[in-house]
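This report concerns only the one structure given below.
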Amino acid sequence: MDKAYNPQAVEEAIYKMWETGGYFTPKLIPKEALPAGRQPFSILLPPPNANADLHVGHAMYVVEDIMIRYHRMKGDPTLWMPGADHAGFETQYVYEKHLAKQGKSRFDFDRETLYKDIWNFVHTNRGSMENQLRRLGFSLDWSRNVFTLDPSIVETVYKSFKQLFDEGLVYRDKRLVNYCTKDGTGFSDLEVLYVERNDPLYYIKYGPFTIATARPETKFRDTALAVNPKDKRYKKYIGQTLEIMGLLGPITMTVIPDPHVDPKFGTGIMKVTPAHDPHDFELGRQFNLPVTPIIDFRGKMDFSWFLSQKDIDPKYRARAENYHGKKVAIVRPLMVEDLKADGLMIKIDEAYTHRIGTCWKCGTVIEPLPLEQWYVKVAPMTKKAIEAINKKQVTFVPKRFEKTAKQWLTNFHDWNISRQNVWGIRIPAWHCALCAQNPTRFAKAIARRANTTNKSNAQSIRLSGWVVTDGEKPETCPTCGGRDLTQDTDTFDTWFSSGQWPFATLRATRDFDYFYPTTVMETGYDILPWWVCRMLMLGIHLTGSVPFTTVYLHGLVRDAQGQKMSKSKGNVINPLKMVDQYGADALRMALVFGTGAGNDQALSEDKIRGMRNFANKLWNIGRFIEMNLQISNPYDQITIYDENMHKMLKNPNDKRIISQTNMLVAGVTKDLDRYRFSDAAQKIYNFTWHTLADVHLEKNKERFKEGDGQAIAVLRHVFLTIMKLLHPFMPFVTEEIWSKLPRKTTDPLIISPWPGN
RNA sequence: GGCCGAUUAGCUCAGUUGGUUAGAGCGCUGCAUUCACAUUGCAGAAGUCGGAGGUUCGAAUCCUCCAUCGGCCACCA
């Protein structure tokens, strides 16, 4: 054995040995044939983006590898399934940047070409992410590798959508969507990132009133004024229709009551713009106000409704033309000047701060815009998910996230699953041109079928000519027989498909019966609402059972000072670079050691170096044993420790270390069963270094040198036991040392039985 | 405004059924180098466990209040 452990020299070969040896693939012994106490154990790797390199956060999946390797050694049929995510919008975003570098944009291509190009782009890059997972030593069953766009996955997603549609849990509605005008797509509520911002609050004269607004540009399409019904100042105006002078001439609008209006804010009067504010939109539905947009999907002001009118005052025409087609941010100051010129600007409060929705990806201000989209009615599903949590069908580690999850599930609004992206699973819904063109005919069809049809048809009729299938294009419209059917151009929110990941993947690999529900879902707490809650609600609803029985959440990996890692700060730790430099085991151990579940952690290179030193310490204990075995006789029976030897031990040092080892085994096993990985790691570390090496080994050196067979046998037994306990944490160095020391079996460490059974 | 977390040695953090002199990693100080390992060993310094009350035979741990710092959520136009 070399003087120092050199991970670079051995890790690749060891991983290859594991992988080609088939050790990652579980043996599906029938459950009734399993030994007592053994049961299937499974984890699905949260699929990383197929197109991107791993970041250090992904290395936290080491927690999963620890559980997987532990259960594999215990003899449970153990599955860790790898996967890759097409990451719809995110990948398209990256690809568009890639196109921009070539001076192109996505609009230079037709849909099919663009999809194919992105497909190729992703598949060129995909292998690197998977190899990085191998570099980290993750014992994933690559024979079951799945991709979110695999036909079998897509098939399940189609079927689920159809089922939800048939059950009336999917519907189409035109309402305000969180729209990014730069990226050209809508988002669900979860994807809007709210940021604190300082904007002027404008006080504008509105007929007899003054209103305060941060968005003066929408005033052209105000359709009402709202006041609190309890506000004595304005109570008398409720129900009145007023003519109000605006920048483009007079507008008439009604004063409506709204208990949400805060009399203390601004002047206590709120202008209502149903087309551009979610709350106003709701008021619009309540009071039958028209939805009249003035901002288009590119974020530009659209005055065509005004300019198309006849006999417009030239002054107003000039104004409208000046604003028309310009971005909101440009028009706002122009308007402010015009308001001042007309004497309508009362005052401007520059110190106004509020929270504004931005695109989580590009930072553009999100515009609420009226758009027809597919929605999932979540209430029936979230209710079941909450019940499952209450009944402890699923438990959380740490426990506090149970409350968080329930809060999320309670507060979910209906979920917009339509995205205006190309890269994704296209929604299997077709629109009938005939039904759309001929509402009368459509209405007759409704009347004719109203009493006789099944639920499914009734639903499709309600959706004015939309036909949903489980993937195939329908030949004719079931309502009117029309043949002019066009598929929705939108794709699913990736979370809609990944929310079905547990049963979609296990069906794809035909493991559903054996491994569903999976045992543990391990991921970062930051995607609890996006992913974990969605999997719970969709999984329970669509399969009748929770998709996993334990949720373990880890925290974010931050830099040495606890700062969030970011490219701009330059404090990003590249996990692969750390693996190159210190070995995968060092990085793995550093991420687990001293880290509480669900808590963010500060990771420093010093810490990784410290764990590299620990690997070297192990190596040298191994080396010491190997050298002493050569002095005595490595194949002498007495050097093979067995349980019966315990009774024969004469030397108190040997007795003590054996007893300490047994306590260690018990402690580590208990910690692992309780998901206390840090505790287990620290126990092994301290025992190895400070009990075994510093004390036992030093005190008994003379005995080893003299070739005391019993002393050496005990030492080796203790050390090999440590190798087993530590293998889930530091698989490479333990496997390598294991291979260097003579032992009873030729099996690799990865499948050697867990001690203490 | 609501919810959740954090506050323990210079730094980063463990400390889950409340129990003897409070722990780790890194850093620091002194000594040691043909001995498995300097990616080392030995010795050591260093904490009134954020503050104030309370419960208890006993509190870093449970309760109340306060302070500071974070995170997440919410339709203040």
Side-chain angles (χ1 to χ4, degrees), chain A residues 1-6 176 189-190 194 201-202 211-216 218-219 222 225-226 258 260-273 276-283 352-355 357 368 397-401 403-404 406-408 410-411 413 525-526 528-529 555-556 558-562 564 582-583 586 589-590 592-628 671 674-679 681-683 685-686 689-690 693-694 697-698 701 704-705:
Chain A
M1 286 172 83
D2 294 337
K3 201 172 174 188
Y5 172 59
N6 180 9
L176 295 194
D189 294 341
L190 284 183
Y194 287 91
L201 184 65
Y202 304 99
I211 58 103
T213 181
R215 301 209 59 185
T218 61
K219 83 188 282 292
D222 290 348
L225 288 168
D258 175 13
H260 287 98
V261 172
D262 178 2
K264 293 192 195 78
F265 183 89
T267 57
I269 306 173
M270 185 179 81
K271 68 190 204 60
V272 181
T273 320
H276 295 297
D277 181 278
H279 177 72
D280 294 0
F281 184 82
E282 289 306 314
L283 283 177
Y352 176 61
T353 55
H354 61 158
R355 277 159 55 89
V397 181
K399 205 170 180 298
R400 66 172 185 272
F401 286 108
K403 191 169 182 180
T404 314
K406 282 205 279 193
Q407 274 178 357
W408 274 109
T410 309
N411 294 325
H413 296 310
Y525 68 75
D526 52 328
L528 174 64
L556 271 46
R558 296 167 172 273
D559 79 359
Q561 281 75 44
K564 202 167 181 178
Y582 303 107
M589 194 67 167
V592 174
F593 198 91
T595 305
N599 288 349
D600 292 353
Q601 67 165 307
L603 179 68
S604 64
E605 207 168 322
D606 274 346
K607 190 174 179 188
I608 301 170
R609 198 179 294 120
M611 294 304 150
R612 185 273 315 264
N613 295 351
F614 178 55
N616 192 58
K617 188 76 187 175
L618 292 167
W619 179 260
N620 275 289
I621 299 169
R623 189 158 166 252
F624 177 84
I625 294 171
E626 190 210 26
M627 291 166 95
N628 282 288
D671 285 340
R674 294 178 175 187
Y675 306 99
R676 304 194 54 83
F677 307 110
S678 171
D679 288 358
Q682 298 207 26
K683 278 193 180 89
Y685 182 102
N686 287 321
W689 205 316
H690 304 304
D694 290 349
L697 204 146
E698 293 297 335
K701 252 182 185 166
F704 301 132
K705 275 194 188 148

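Every chain is numbered from 1 and lettered A, B, ... according to where its sequence line falls, protein lines coming before strand lines.
Residue contacts for A/H276: at a heavy-atom cut-off of 4.0 Å it reaches no nucleic acid atom on any strand shown. Contacts of A/A212 with the nucleic acid, taken as non-hydrogen atoms under 4.0 Å apart, include base atoms. Within 4.0 Å of A/N411, counting heavy atoms only, lies no atom of the nucleic acid at all. Nucleic acid contact class of A/D526 (heavy atoms, under 4.0 Å, all strands): none. Nucleic acid contact for A/W619: none, since no nucleic acid atom lies under 4.0 Å from a heavy atom of the residue. Base contact: A/D262 has a heavy atom under 4.0 Å from a base atom. Using a 4.0 Å heavy-atom distance criterion, A/F265 is classed as a base contact. Residue A/V261 is in base contact, counting any heavy-atom pair closer than 4.0 Å across all strands shown.
Between A/F401 and A/Y525, the two ring planes are parallel [angle under 30°; tilted spans 30° to 60°]. Between A/Y685 and A/F614, the ring planes are tilted. Angles from 30° to 60° get that label.
Comparing the P positions of B/A59 and B/G18 gives an interatomic distance of 13 Å, to the nearest angstrom. Taking atom P in both B/C49 and B/G10, the straight-line distance is 13 Å, to the nearest Å. To the nearest whole angstrom, the two C1' atoms, one in B/G41 and one in B/C35, are 11 Å apart. With P as the reference atom, B/A22 and B/U68 are 31 Å apart, rounded to whole Å. For the P atoms, the distance linking B/C57 with B/A52 amounts to 23 Å, nearest Å. To the nearest whole angstrom, the two P atoms, one in B/A24 and one in B/A9, are 14 Å apart. Between B/C13 and B/U21, the two P atoms lie 29 Å apart (nearest whole Å). Nucleotides B/G47 and B/C28, compared at atom C1', are 16 Å apart to the nearest Å.
Rounded to whole Å, atom P of B/C26 lies 13 Å from atom OH of A/Y582. Separating the CG atom of A/D258 from the P atom of B/C76 is a distance of 13 Å, rounded to the nearest angstrom. When rounded to the nearest whole Å, the span between CZ of A/F677 and C1' of B/G15 equals 18 Å. One atom, CZ of A/R558, and another, C1' of B/G5, lie 12 Å apart when rounded to the nearest Å. Going from atom CD of A/E282 over to atom P of B/C76 covers 14 Å, rounded to whole Å. Here the P atom of nucleotide B/C26 and the CZ atom of A/R612 are 11 Å apart, to the nearest Å. Nucleotide B/C13 holds its P atom 20 Å from the CG atom of A/N686, rounded to whole Å.
Side-chain N/O atoms of A/H260 include none lying less than 4.0 angstrom from OP1 or OP2 on B/A74.
Between A/D222 and A/K219 there is no salt bridge, since no side-chain nitrogen of the basic residue lies less than 4.0 Å from a carboxylate oxygen of the acidic one.
Closest non-hydrogen pair, A/A590 versus A/T595, comes out as O-OG1, 4.5 Å. In terms of heavy atoms, A/L176 sits closest to A/P278 at CD1-N, 3.5 Å.
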Walk me through whether A/F677 and A/F593 qualify under ring-ring contact (aromatic ring centres under 6.0 Å, His included).
CA-CA 8 Å; A/F677 307 110; A/F593 198 91; over 10 Å; no
Evaluate A/V272 against A/H279 for side-chain contact (heavy atoms from CB on, under 4.5 Å), listing each step before the verdict.
CA-CA 9 Å; A/V272 181; A/H279 177 72; over 6 Å; no
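The base of B/U39 lies outside donor-acceptor range of the side chain of A/R609, with no N or O pair under 3.5 Å.
Side-chain contact annotation: A/T404 with A/K406, donor-acceptor N/O pair under 3.5 Å absent. A/Y582 and A/N613 form no side-chain donor-acceptor contact under 3.5 Å, judged by distance and modelled atom types alone.
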Based on Watson-Crick and G-U pairs with both distances under 3.5 Å, what dot-bracket line describes RNA chain B 5' to 3', crossing pairs as [ ] and inter-strand pairs as |?
(((((((..((((.....[...)))).(((((.......))))).....(((((..]....))))))))))))....
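Counting non-hydrogen atoms of neighbouring residues, nucleotides and ligands closer than 6.0 angstrom, the CZ atom of A/R674 reaches no more than 12 such neighbours.
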Tabulate atom names and distances for all N/O pairs under 3.5 angstrom spanning the protein and nucleotides 34-38 of chain B.
unit_1: B/A36; atom_1: O3'; unit_2: A/R623; atom_2: NH1; d: 3.3
unit_1: B/A36; atom_1: O2'; unit_2: A/N620; atom_2: OD1; d: 2.5
unit_1: B/A36; atom_1: O2'; unit_2: A/R623; atom_2: NH1; d: 2.7
unit_1: B/A36; atom_1: N7; unit_2: A/K701; atom_2: NZ; d: 3.4
unit_1: B/A36; atom_1: N6; unit_2: A/E698; atom_2: OE2; d: 3.0
unit_1: B/A36; atom_1: N3; unit_2: A/N620; atom_2: O; d: 3.2
unit_1: B/C37; atom_1: O4'; unit_2: A/N620; atom_2: OD1; d: 2.9
unit_1: B/C37; atom_1: O4'; unit_2: A/N620; atom_2: ND2; d: 3.3
unit_1: B/C37; atom_1: O2'; unit_2: A/N616; atom_2: ND2; d: 3.2
unit_1: B/C37; atom_1: O2; unit_2: A/K617; atom_2: NZ; d: 3.0
unit_1: B/C37; atom_1: N3; unit_2: A/K617; atom_2: NZ; d: 2.8

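Within the 3.5 Å criterion, the main-chain N or O of A/L556 finds a donor-acceptor partner in the side chain of A/D600.
RNA chain B is contacted by both A/K264 and A/K564; A/K564 maps to the nucleotide lying nearer its 5′ end (nearest heavy atom per residue). The residue among A/Q561 and A/F614 whose nearest nucleotide of RNA chain B is located toward the 5' end is A/Q561.
You'll find the side chain of A/T218 reaches within 4.5 Å of the side chain of A/K271, heavy atoms only.
Here the nucleotide nearest the side chain of A/K607, chosen from B/G25, B/G5, B/A14, is B/G25. Taking the side chain of A/R355 as heavy atoms from C-beta on, and the options B/C3, B/C73, B/G25, the nearest nucleotide is B/C73. The A/Y685 side chain lies nearest to B/G25 when the options are B/G25, B/U39, B/A14.
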